[in-house]
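Comments concern the structure below.
Note that the structure is a prediction, hence the values are computed from the model and not measured.
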Amino acid sequence: MATHPQPRPIFHSQGSFEDLDAVMEVMDTAFSPAFGEAWSRSQCAGILPMNGVRLTVAHDGSPAGRVVGFALHRTVSDEAELLLLAVRPEDQGRGIGHGLVDAFVAGAYSQGARRLHLEVRDGNPATHLYAHAGFQVAGRRRAYYRGTDGVRHDALTFARTLD
């Protein structure tokens, strides 16, 4: 009888500038360059010191394990926005994205946010993740993203209200 290895646990930690190399590596593998959705290192570094900005890093197997995903978000007053979320392609399907969304929701709630929102390219498979987490499409920005082939793609705005 064959035994299957147990999945390794995922640990979340609050990220900092020290995690940017690992975050950029995840982003480079998770975001297709065809759509122009990934942020640059300088964009990430520039937003980290701002008030209300938080980086959550997902580690594989231990709190110091390999970085397999991250979420970047900010809370201002009673609103929070998920700015970026990425999981290494080889680690997708393990619930890491769901865990990062849950961490975003819980963290935003603890910081006083009651309205959450995010934006994603229409057609991005993550739309299912956000819908599963209780977010609903609240708007559409026509032709917001431009692919490297020149084709424009709509952006969907998702929102969720917390009680």
**Report entry** Sidechain-backbone polar pair: Glu79 side chain, Val76 backbone, donor-acceptor under 3.5 Å
**Finding:** no
Report task. Report yes or no: does Ser32 contribute a side-chain atom to a donor-acceptor pair with the main-chain N or O of Phe35 at less than 3.5 Å? Result -> no
Requested in this report: Report yes or no: is the cationic atom of Arg121 (NZ for Lys, CZ for Arg) closer than 6.0 Å to the six-membered ring centre of Tyr145, at no more than 45° off its axis?
Outcome: no
**Report entry** Residue Glu18 excluded, over 12 heavy atoms near CD under 6.0 Å
**Finding:** no
Query raised in the report: In terms of hydrophobic clustering (I, L, V, M, F, W, Y; side-chain heavy atoms under 4.5 Å; direct or indirect links), are Leu85 and Val23 co-clustered?
Result: no
Query raised in the report: Are the charged groups of Asp60 and Arg8 less than 4.0 angstrom apart, N to O?
Result: yes
Requested in this report: Give a yes or no on this: more than 12 heavy atoms of other residues, nucleotides or ligands lie within 6.0 Å of atom CG of Asn51.
Outcome: no
Report task. Count the heavy atoms of every other residue, nucleotide or ligand shown that sit under 6.0 Å from NE2 of His98, and state whether that count exceeds 12. Result -> yes
Query raised in the report: Side chains of Gln136 and Arg160: do they bring a donor and an acceptor to under 3.5 Å?
Result: no
Query raised in the report: Would a 4.5 Å heavy-atom cut-off, applied to side chains only, mark Met27 and Leu84 as touching?
Result: yes
Query raised in the report: Are Phe31 and Ile47 in one and the same hydrophobic cluster, where Ile, Leu, Val, Met, Phe, Trp and Tyr link if side-chain heavy atoms are under 4.5 Å apart?
Result: yes
Query raised in the report: Do Leu156 and Leu118 belong to the same hydrophobic cluster, where Ile, Leu, Val, Met, Phe, Trp and Tyr are linked whenever their side-chain heavy atoms lie under 4.5 Å apart, directly or via other members?
Result: yes
Query raised in the report: Should Val68 and Glu90 count as side-chain neighbours, where that means a heavy-atom distance under 4.5 Å?
Result: no
Query - ILVMFWY network linking Val105 to Ile96, side-chain heavy atoms under 4.5 angstrom - result: yes
**Report entry** Proximity of Phe11 and His59 rings by center, below 6.0 Å
**Finding:** no
Query raised in the report: Can you check whether Arg88's main-chain N or O pairs, donor with acceptor, with Asp91's side chain at less than 3.5 Å?
Result: no
Requested in this report: Establish, yes or no, whether the cationic atom of Arg114 lies under 6.0 Å from the six-membered ring centre of Tyr109 and within 45° of the ring axis.
Outcome: yes
Query raised in the report: So, His117 versus Phe158, ring centres under 6.0 angstrom or not?
Result: no
**Report entry** Hydrophobic cluster membership, Leu82 vs Ile10, 4.5 Å side-chain cutoff
**Finding:** yes
Query raised in the report: Relative to the ring of Phe104, is the ring of Phe135 parallel (under 30°), tilted (30 to 60°) or perpendicular (over 60°)?
Result: parallel
